[in-house]
Amino acid sequence: SCYEPTDRKKCTRRTHQLKRSVEARWNMADPKRKGLKAQEIPAAVEAIGDKRLLEKFWNSVTNVRRTLELYGLEGCAFSFNGGKDSTVLLHLLRVAIYTEGFDSLSNNAQLADMMVFTFAKQDDFPEIKKFVKESSQQYGLDVVMRSETFKEGLEMFVHNGIRAIFMGTRQGDPNSQGQGIFTPSSMGWPPFMRVNPIWDWTYAEVWKFLQAIHAPVCTLYEVGYTSVGQMKNTLPNEELRREDGRYRPAWELVDGRAERAGRDNTVSLRRSTSRRRTYQVGILIVGNEVLSASVEDRNTHFLCQQFREIGWRVARVVIVEDDVAAISNELRAMSEEYDFVVTAGGVGPTMDDVTMTGVAQALGRKVVMHPELVSRLSEFYGAKITPSHFKMAQVPDGEVTLHEAVHSCPNGCSDRSPYPLVQCRNIFVLPGVPSILQKKFQDLRQHLVAQFPQQPFVHAEIRLSAGDETLIADVLESVSRELDPSVCLGSYPVSGRADNVGIILTIDSKEKEEVTKTRDRLLGQLPPDLVLGLAESSNHVDG
């Protein structure tokens, strides 16, 4: 359960003040930034308006507090390496120790009473060393710099009475397998409790928290580094490279799965500098009428085809009923996992049009009337406007970007459409009527191609006379073991064709040479008498 300190009411009262004073984005390069006082942090997190992050925040603080209560400050240590995750943990410790409402610790408890350590390596970034030193001075930390191996250092700490160590490990980190929030050390290691308070935090939540509290961070994050190791194995993240060769800051990375793109081995690093990741999109189809088969779903095929044409990969399609909880649950998951999400359906004026409410809940926002949409609808409908029309002006509070509609504008208008393309964070909201969706998608397509240009997909086919896939299963298994990660290989049985084709093998990638290599490997291992023909094509990308 979510633990809340006794001064939570004070925190809530300060929320409205912080909403006015805390900017959505803060200038990371500002040398004057000092972050918030520990007592101000809870209200700043609440002011974000993200219920999931707020719950994770309080749960993390509770776990920190409980650890301190169990082992005492003198029995705990904090591994502070200057990275973004340990910086989050630093401020959680500050809240746990200095915020009112936690009565079991001494009123004289200080963060300086806890052992704080880092293991220095010869090829550490100087920016990391500088940030650790500055943080030590700013927050009164007595950081112990160790030069021996991690295991040797831990043996010394445990020998001196350390029983628990706070770490910034998150689920999915390379060393996270077998761990959780509380995990005893592994066999063969000194006995202590590993405490990972931000275990379930996402990459986006880490940066949202640091932004909300105006926390200083290492300057490497300002120039494209999203995960920092040693100088020998860390590069800026290619997902953040600008056209001029410079890099955008780490908090602008859309896909958290690419967090460690600059931390792979040498081969992967070379590959990341030459190939850009394919953007991924999730599609949410909303409507009881689709699930009950009252209406044929034509939108999924259209959207998949369109995204394919502009070089995007559709990673998931989900159909849900007209239910706010079902919509919000799916959107919350897809919004965190994919670059963008597109919804189709449920945005009209009737009682079953609940998509926008679901979007708001997924983003932890309330539904409000958007003044610009109200104005546009009033201007368009004039005296004929009704209260039902204004339902189509409802959006999540503070999370909306309007993209001017041109292709989808009624009556061919080209200025102020009453129905602009609505973007809520990384979610685009489209209507469900196929003819209207297809027109409005042209506005979305134009926006994506202009802002997020992609290479086209290259597609090749090998048509086989065999109708039994077991005849080629071993060949496919052999070739798939050597596939380049950029290649997708598929096998699809067909029937009733005039050309007697029984199986179509497909090869898809954005790397033409890899498509050719894979095709040639297949042709070299398939029985020649099974091959009826070949085909190759490339999707055209606008612009």
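Sequential numbering from 1 along the given sequence is applied to the chain's residues. All values derive from a computational prediction rather than experimental measurement.
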CA sep, side-chain torsions, deciding dist, call: Q423, H403, side-chain hydrogen bond (donor to acceptor under 3.5 Å, both in side chains): CA-CA 8 Å; Q423 177 182 355; H403 299 278; 2.6 Å; yes

Over 60° means perpendicular and under 30° means parallel, so tell me whether F117 and F119 are parallel, tilted or perpendicular. perpendicular

Does a salt bridge link [X] with [Y], judged by any charged N lying under 4.0 Å from a carboxylate O?
X	Y	result
R316	E330	yes
R308	D508	yes
R170	E259	yes

My understanding is that only residues two or more places apart in sequence, or in another chain, count here; which of them pass side-chain contact (heavy atoms from CB on, under 4.5 Å) with V324? V354, T357, Q361

Among residues at least two apart in sequence or on other chains, which ones pass side-chain contact (heavy atoms from CB on, under 4.5 Å) with T183?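 Checked T183 against side-chain contact (heavy atoms from CB on, under 4.5 Å); matches are Q179, R194.
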
Any chance the rings of F452 and F340 have centres within less than 6.0 Å?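 So the answer is yes for these two rings.
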
Test of ring centre spacing under 6.0 Å for Y279 and F307: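 No, the ring centres sit 6.0 Å or more apart.
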
Can you confirm whether the side chains of Q171 and D200 place a donor and an acceptor under 3.5 Å from each other? no

N63 side chain to R66 side chain, donor-acceptor N/O pair below 3.5 angstrom: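 Not at all, the side chains of N63 and R66 share no donor-acceptor pair under 3.5 Å.
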
Can you list the residues that meet the salt bridge (charged side-chain N to carboxylate O under 4.0 Å, His left out) rule with D123, with sequence neighbours excluded? none

Taking CZ in R163 as the centre, count heavy atoms belonging to other residues, nucleotides or ligands within less than 6.0 Å. Is the count above 12?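 Result for CZ/R163: open.
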
Please round to the nearest 0.5 Å and tell me the distance separating atom NZ of K151 and atom CE of M156.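 Those atoms lie 15.5 Å apart.
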
With a 4.5 Å cut-off on side-chain heavy atoms, are F57 and E205 touching? no

Among E238, R242, E239, E222, which one satisfies side chain to side chain contact (heavy atoms under 4.5 Å, CB included) with Y247?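 The passing option is E238.
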
Cation-pi, W207 ring and K84 (6.0 angstrom, 45 degrees):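 K84 over W207 ring: no.
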
